[in-house]
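Report on the structure given below.
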Amino acid sequence: STGFYSKDDGFVYCDDVRVKDVRQQVPESPFYLYSKNQLTENFQAYSDALSGIDSIIGYAIKANNNFLIMKHFREMGSGAVLVSGNELECARAAGYAPEKIVFNGNGKLYHELVYAVKEGVLINIDSEFDLENIRNAAREAGKAAKVLLRINPDVDPEVHPYVSTGIKSSKFGIRNERLQWFLDEVKKDGKALDLVGVHCHLGSTISKVNIFYDATVLMVDFIKEIRAQGFDIRYFDIGGGLGIPYHRDTDEVMPSPSDLIEAVRKLVSELGVTLILEPGRSLVGNAGAFVNTVNGVKSNGQKNFIVIDGSMAELIRPSLYDAYQHIELDQPIPGAERKVFDVVGPVCESADFLGKDRELQVPTAGTGLIVHDAGAYCMSMASTYNLRMRPAEYWVDGGKVKKIRHCDTLAEHLAKFEGL
Ligand code: LLP
């Protein structure tokens, strides 16, 4: 089997390897563990769904920027979607082709834009000042910037406000009433700005494909309007945002990549454009787990706590978005009773929890505890709060456990202060 699942024996597996066995093999705890096969399957689901459509899958590397994971998707034919010059540099180092890279962002810096124009990647215009910066960057680079207009379609993705990006009140994209101003600016200097497409991104953890359909209907109108003014629009970038089923205990269902593509296939093929998708979470989310060791169990008289060695520093989604990620012990504990626990780390604040009110067997110190669906926006959002070191990453590749990132070290930290 592929990915993370538990068998009748009560143990949790990653592909065909027991997570408990992985813990015994690796020196660090906590650590991130990925299933390479699951990554492959997730990418394959998108490429299968896109058959017959001229398209680019642009992996949103902010979701997980592990260099080996980036390379793996690139080897499968992926493009990349980025939000910083550093992400661009890593994507190029991982071998991503400039024609398959999109540079997004509401605050792209001038030097990043010069670099992006030189590399020849697609760049999204997000605002008036962004257009100005891109135009100047193109002049400095001595070549035209290939640009897309990021239009805010004002479609509600029905998600947590922190991950909603395509509604009127959002900081991203250009307002519809301003579209003509942008087109006029591009017309003024065709040598610097080559308008080749439009982009929208609605939000993240989206659970209904009709939301993508509704946005596409609006974007089709924009494309027609822009084409009518003589622009050769060749790309429609529909953004990312497809959710994954985090609630493993319930019968939560999420649309698949194929559901998403089928919802927009007809509209897109009538347009005659290259469709760009920007999936992050749905490519990597379920392929990773955060593996911890139980330090102890305590109670404050009202609540029971499992205290683990991992924390909000390595995985902040529960604290930051009240996000739910499924939690399990990696093995059954014969004879142990079940209790309701908050799962917490050692960090010095009450926001430090990985899960609340979880019914689990009472573990003993040393038991493995797994936070599931930790492939997306977990390691990439890890911090060093409390001087914790960002953890190592491993993947199971062909039944073997391989390290794919070293743990940060305190020596690296101290070196930053040398010779000051
Ligand atoms: N494209 C753009 C322009 C984006 O802003 C994002 C994510 C994506 C694509 C990828 O979206 P995905 O397919 O992964 O949903 N830290 C939050 C999620 C932030 C999403 C930011 N933008 C979390 O942990 O839930």
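Remember, it's 1-based here, ligands and their atoms both numbered in the order they're listed.
Closest to atom 18 (C) of ligand 1, if we only count protein heavy atoms, is Arg281 NH2, 3.5 Å. The protein heavy atom nearest to atom 1 (N) of ligand 1 is Glu278 OE1, 2.6 Å. Considering only non-hydrogen protein atoms, atom 15 (O) of ligand 1 sits nearest to Ser204 OG, 2.3 Å. Ranking protein heavy atoms by distance to atom 24 (O) of ligand 1, first place goes to Arg317 NE, 2.6 Å.
For Tyr324 and Tyr246, the ring centers are positioned 6.0 Å apart or more.
Counted within 6.0 Å of OH on Tyr5, heavy atoms from surrounding residues, nucleotides or ligands total more than 12; the atom is thus considered enclosed. Taking a 6.0 Å sphere around NZ of Lys403, one finds it holds more than 12 heavy atoms contributed by other residues, nucleotides or ligands.
Proximity of a side-chain donor or acceptor of Asn42 to a complementary backbone N or O of Leu283 within less than 3.5 Å is detected. Checked by atom type and distance alone, the side chain of Lys356 never pairs as donor or acceptor with a backbone atom of Pro318 at under 3.5 Å. A donor-acceptor pair under 3.5 Å is absent between the side-chain atoms of Arg135 and the main chain of Asn133, judged by distance alone.
Ligand 1 lies nowhere less than 4.0 angstrom from a heavy atom belonging to Ala376.
When the options Gln325, His199, Lys62 are ranked by their closest heavy atom to atom 21 (C) of ligand 1, first place goes to Lys62. Among Pro318, Gly241, Cys200, the residue whose heavy atom lies closest to atom 13 (O) of ligand 1 is Gly241. With atom 10 (C) of ligand 1 as the reference point, the heavy atom nearest to it among Tyr377, Phe172, Tyr59, Tyr321 is part of Tyr377. Comparing heavy-atom distances from atom 8 (C) of ligand 1 across His201, Arg150, Met381 singles out His201 as nearest.
In summary, the atoms of ligand 1 found under 4.0 Å from a heavy atom of Pro279, numbered by their order in the structure, are 13 (O). Per-residue contacts place Asn104 under 4.0 angstrom from the following atoms of ligand 1 (heavy atoms of the residue considered): 3 (C). Using a 4.0 Å cut-off to heavy atoms of Gly280, the atoms of ligand 1 that qualify are 12 (P), 13 (O), 14 (O).
Checking Ser380 against Asn64 by side-chain atom types alone, no donor-acceptor pair falls below 3.5 Å. Using modelled atom types and a 3.5 Å distance limit, the side chains of Ser55 and Tyr46 yield no donor-acceptor pair.
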